[in-house]
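The shown structure was predicted, so the numbers you read here are calculated from the model rather than taken from an experiment. First listed ligand is number 1; within each ligand, the first listed atom is number 1.
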Amino acid sequence: MSNVIIFGAPGSGKGTQSRLMHSHLGFKQISTGDLLRAEVESGSEVGAMCENLMAHGKFPENDIIYGLVTKYLESNSSSKGFVFDGFPRTVEQAKFLLGYLAEKSKKIDVVLKIEVKQELLVKRIVDRFTCKDCGEIYNKHFKRTSVEGLCDKCGGSSFSSRSDDTESTVKTRLNIYDQSTLPVVEFLESKNTKIVSIDGMKSETEVFDEIKAVMA
Ligand code: AMP
């Protein structure tokens with residue numbers, strides 16, 4: 001088992017693929033977006049500091065992110081491999097993660113870079129919704145529930161949309177991805193980390209088949 005970073009713009013399907021890697025390949029998924037949303041939902045002090053920034057696609061302070069990441073990694077330290085979803089998002093965060101792993105004699109074994117054309121990203125994001133019970137991600141056009149109003153995975157009937165999945169916030173998030181997050185790939189490459197590009201325009205199953213082939 002290994003440690004993987006999954007990169008991709010908002011709407012590239014990185015959340016969905018990380019969840020599949022978790023349920024089918026045994027990776028522990030660590031999504032900083034999910035950890036932050038849980039803080040907001042719980043009404044914690046950290047959540048209150050992040051809520052407005054996140055609603056506008058902006059980043060909370062690194063110290064908050066590092067605190068959530070290290071707490072999660074430490075409380076799941078028996079896991080053999082992690083898939084990092086949405087972290088690191090800046091070169092500074094990447095340096096932090098490599099340093100943290102090096103102290104534990106661990107490393108990032110591979111970076112999966114999911115590539116999707118920009119025009120499709122916006123459509124995928126503004127029309128997506130999530131099952132409140134199991135977290136399965138759907139889309140009004142590309143991935144509807146088989147039975148109207150019922151989650152295919154768990155049968156739940158409550159769904160929610162993210163407050164940052166609006167057209168204007170998506171544009172900010174895509175710009176931030178290009179400016180701050182894409183340089184992380186180059187940085188990791190300069191540290192001799194293996195980078196593999198994945199065609200994210202294909203179906204969910206086909207993308208996952210490509211990922212499985214890389215991880216085999
Ligand atoms: P995501 O679920 O990965 O799309 O993240 C949703 C939002 O959470 C982002 O737009 C940021 O506001 C915040 N966020 C998630 N991960 C990070 C991170 N590593 N650093 C800073 N902000 C983050």
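Heavy-atom minimum distance, Gln29 versus Ser18: NE2-CB, 3.5 Å.
Within 4.0 Å of ligand 1, counting heavy atoms only, the contacting residues are Lys14, Thr32, Gly33, Leu36, Arg37, Met54, Lys58, Phe59, Pro60, Ile65, Gly86, Phe87, Arg89, Gln93, Arg162, Asp164, Arg173.
By the 4.0 Å N-to-carboxylate-O rule, Glu136 lies close enough to Arg19 to be salt-bridged with it. Between Lys113 and Glu115 a salt bridge is recorded (basic side-chain N to carboxylate O distance below 4.0 Å).
Ring geometry for Phe96 versus Tyr66: interplanar angle under 30°, hence parallel rather than tilted (30 to 60°). Ring geometry for Phe159 against Tyr138 counts as perpendicular: the plane angle is over 60°, on a 0 to 90° scale with 30° as the lower cut.
Atom NZ of Lys153 has more than 12 neighbouring heavy atoms from other residues, nucleotides or ligands inside a 6.0 Å radius.
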